[in-house]
Amino acid sequence: MEPTKEQLLWMYEQMLVIRDFEETMVNVYLEGKLPPEIQEGLAFDIGSGLVPGEMHLAAGQEPVAVGSCVHLTDDDTITGTHRPHHFAIAKGISLNSLAAEMFGKVTGLGRGKGGHMHLFSVDKKFGCSGIIGAGMPQACGAALAAKKQGKDWVTVTFFGEGAANQGSFHESLNLAAIWNLPVIFICEDNKYAISVTREESTAIANNADRAIGYGIPGVRVENNDAVEVYDVVGEAVARGRQGKGPSLIEVSTDRYLGHFQGDAEAYRPENEVSTLRENDPIDRLQQQLLDSGMTEEEDSQIKERTKASVQEAYAFARESAYPDTSEATQHVFV
Amino acid sequence: MADRELTMAAAISEAIAQEMENDDNVFVMGEDVAKYGGIFGATGGLLDKFGTDRVMDTPISETAFIGAATGAAAEGMRPIVELMFVDFFGVCMDQIYNHMAKNTYMSGGNVKLPVVLTTAIGGGYNDAAQHSQCLYGLFAHVPGLKIVVPSNAYDAKGLMIESIRDDNPVMYFFHKGIMGLPWMAYFTGSTNEVPEESYSIPFGQAKVVREGTDVTIVTLSQMVHKSTAAADALAEDGISAEIIDLRTLVPLDRETVLNSVRKTGRLCVADEDYLSFGLSGEIAALVAENLDSTNLNGSVKRLAVPDVPIPYSRPLEQTVIPQVAHIESTVREMMN
């Protein structure tokens, strides 16, 4: 399956937005978290600053998000992970409400209650969780609902290669297979479950091979490449819409930053990330577009547009108000 | 012994190391416990000392490796197994509460399960609803698990050694905000003098960390330090608060609580777990069951998370998790 030029441009622009959103956060996150503003003796304080708490960024993992979401509409559902921004952006969630949630502001997706690991959008049919492997069972439910309602909607559930060793992965694959549910299981293999490598944690080299155990198709994408993801996910989405059931896809991808911001990454070989960055998926898609007719001027316009949208989102988040403390006890129930 | 201060994280890992040196059956497993030394430092340095056979990184498969700890314990090993955040118990609770907690009883006492299940608890750094809970009350509710919740490095070491030597399953809860991590603000009172030699602290012995005459504050973990700060402020106005650090919930030192309330006539429970159906209710019930001998001067007060998930946004989180000012103002109300 080949993307149109329009789809290629969409993926390129979305990847730029995601990268800029994440790399902007790297610096914003550090504001107020370093000496001398923090408790004496500390090198860093995770709970201080404008954006406190853990922060898991997805720079480097853009291809899996855009190559998948390009096939989806607002009727299709996504369940994401604790590292969810790239999925959320590619699914069309507004940058302003996403950024505001990270700042804990009342204008955020969850009125500041959820935080960056817990993003929910009813309009965009998006949810995610800080618990590893938690999205897959709920994805089966969303797909079951679509099937019961006679819709051709699909559900895409993203998870990491670490989650493929959770019970929920195996239980959900089996459930989706026996009920022939339109779920596309997409494993982001970024090689690390915090410090534990894939080789240390997983008995086989290719998680897509696990599809055999459930009688469904399994395909691995090797190159962290948006166009290759497009192709493979496109086939799986088509299968889902045609009532042919679930698929399992693993995408080899790269986590450029720490597991969380502040992670010293002592477990990671020196120069690993710089080597990866030399073969960056955004640069590759840019080159492909330039080779097929995108002008330098068009490229500049795209970059200006994406940069402006990210800057606006962060400004919006900074300027927004915190929720009133009376909201703390609201929304436990509807 | 020269004075030597350790962070709580260092005290825990030292305790584990000393028991590993003494007993080849002791081993450690969990997510990121080896190369990383535990995300919160509880197993720091153990890999270098003992190697990968005895300090084992696991896949993200809590049901499998926590269940494996129970299985290995039944065969005579003494595993220490880490659940990275207590909030993650949901993926493996069956192995904990239906098996680790019950196999001894169901076997008529024949199966011994000397497991220590360590886990990180607590909020205060805006990690939101799935990474900030305490939940020790939930586990204390289940028969068959001993529940240890230290507040400082000295206690943490002695209680860890006691935990490893105990022939029963022990859940050991360390609050992230007292571990003395270089990347998270903490209450410095939790870093204190820790003897190098091995020692143990018996379970079921609460500690009177501050003597007082007007009000008893029953508390534990990080909240001990918040209570101490509140008591300092109250003392300036002549209010004398006695602070009880429970240290273990199972077994619970009921006598120390009751004796203190008999002396002060007032009880405030300061807890970071959820309010309803939990620790603060248990302590209140204990006093209610002993009203004849306690002569309360007023209603029991409970400070805890008001039955809402932990919100992310800082002002909301600080509203729902009891702070020093909440403890102080509550005690002042009790004195009026």
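What you see below is based on every heavy atom in this structure, not just the backbone, and it leaves out hydrogens, waters and symmetry mates. Order of the sequence lines fixes the chain letters, A, B, ..., with proteins taken first and strands second; residue numbering starts at 1 for each chain.
In this structure, the side chain of A/Ser97 engages the main chain of A/Ser94 through a donor-acceptor pair within 3.5 Å.
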Begin with the C-alpha distance, continue with both residues' side-chain angles, and end with the deciding distance and a verdict on ring pair (Phe, Tyr, Trp, His ring centres under 6.0 Å) for A/Phe103 and A/Phe316.
CA-CA 10 Å; A/Phe103 282 65; A/Phe316 174 79; 10.0 Å; no
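Rounding to the nearest 0.5 Å gives a distance of 11.5 Å between CE of B/Met8 and OG of B/Ser13.
Looking at A/Glu54, both its backbone and its side chain come within 4.5 Å of chain B, counting heavy atoms on both sides. Only the backbone of A/Met102 comes within less than 4.5 Å of a heavy atom in chain B; its side chain stays farther off. For B/Phe85, the part lying under 4.5 angstrom from a heavy atom of chain A is the side chain only. Looking at A/Asp324, only its backbone comes within 4.5 Å of chain B, counting heavy atoms on both sides. Using a 4.5 Å cut-off between heavy atoms, B/Ala129 touches chain A through its backbone atoms (N, CA, C, O) alone. Looking at A/Val51, the atoms closer than 4.5 Å to chain B (heavy atoms on both sides) sit in the backbone and in the side chain alike. Contacts between A/Tyr192 and chain B at a heavy-atom distance below 4.5 Å are absent for every atom of the residue. If you measure heavy-atom distances from A/Val196 to chain B, the contacts under 4.5 Å come from both the backbone and the side chain. With a 4.5 Å cut-off on non-hydrogen atoms, A/Ser129 touches chain B through its backbone and its side chain both. For chain B, the nearby parts of A/Ile194 are the backbone and the side chain; heavy atoms of each come within less than 4.5 Å. Looking at A/Ala266, there are no atoms closer than 4.5 Å to chain B (heavy atoms on both sides), in backbone or side chain.
Considering only heavy-atom pairs separated by less than 4.5 Å from chain B, the leading option among A/Ala328, A/Ser195, A/Ser201 is A/Ser195. Counting heavy-atom pairs closer than 4.5 Å to chain A, the top residue among B/Ala128, B/Ser61, B/Ala34, B/Ser132 is B/Ser61. By number of non-hydrogen pairs under 4.5 angstrom with chain A, the leading residue of B/Pro311, B/Pro309, B/Pro182 is B/Pro182. In terms of non-hydrogen atom pairs under 4.5 Å with chain B, the most contact-rich of A/Lys113, A/Gln166, A/His116 is A/Gln166. Of all the listed residues (A/Gly167, A/Gly262, A/Pro323), the one sharing the greatest number of non-hydrogen pairs under 4.5 Å with chain B is A/Pro323. Taking chain A as the reference chain and counting heavy-atom pairs below 4.5 Å, the highest number among B/Asp127, B/Thr188, B/Leu181 is found for B/Asp127. Considering only heavy-atom pairs separated by less than 4.5 Å from chain A, the leading option among B/Asp307, B/Val91, B/Val320 is B/Val91.
Using a 4.0 Å cut-off between charged nitrogen and carboxylate oxygen, A/Arg255 and A/Glu272 do not count as a salt-bridge pair. The pair A/Arg83-A/Glu22 does not count as a salt bridge, with every side-chain nitrogen at least 4.0 angstrom from each carboxylate oxygen. A salt bridge between A/Glu327 and A/Arg111 is present, with a side-chain N of the basic residue lying under 4.0 Å from a carboxylate O of the acidic one.
For CZ of A/Phe120, the number of neighbouring non-hydrogen atoms (other residues, nucleotides, ligands) closer than 6.0 Å is greater than 12. With a 6.0 Å radius and a threshold of 12 heavy atoms from other residues, nucleotides or ligands, B/Lys301 has its NZ atom at or below the threshold.
In terms of heavy atoms, B/Met84 sits closest to B/Asp32 at CE-OD2, 3.4 Å.
For A/Lys105 and A/Tyr322, the positive end sits near the middle of the six-membered ring, less than 6.0 Å away and at most 45° from its axis. For the pair B/Lys176 and B/Phe174, the NZ or CZ position fails the cation-pi test of under 6.0 Å to the six-membered ring centre and within 45 degrees of the ring normal.
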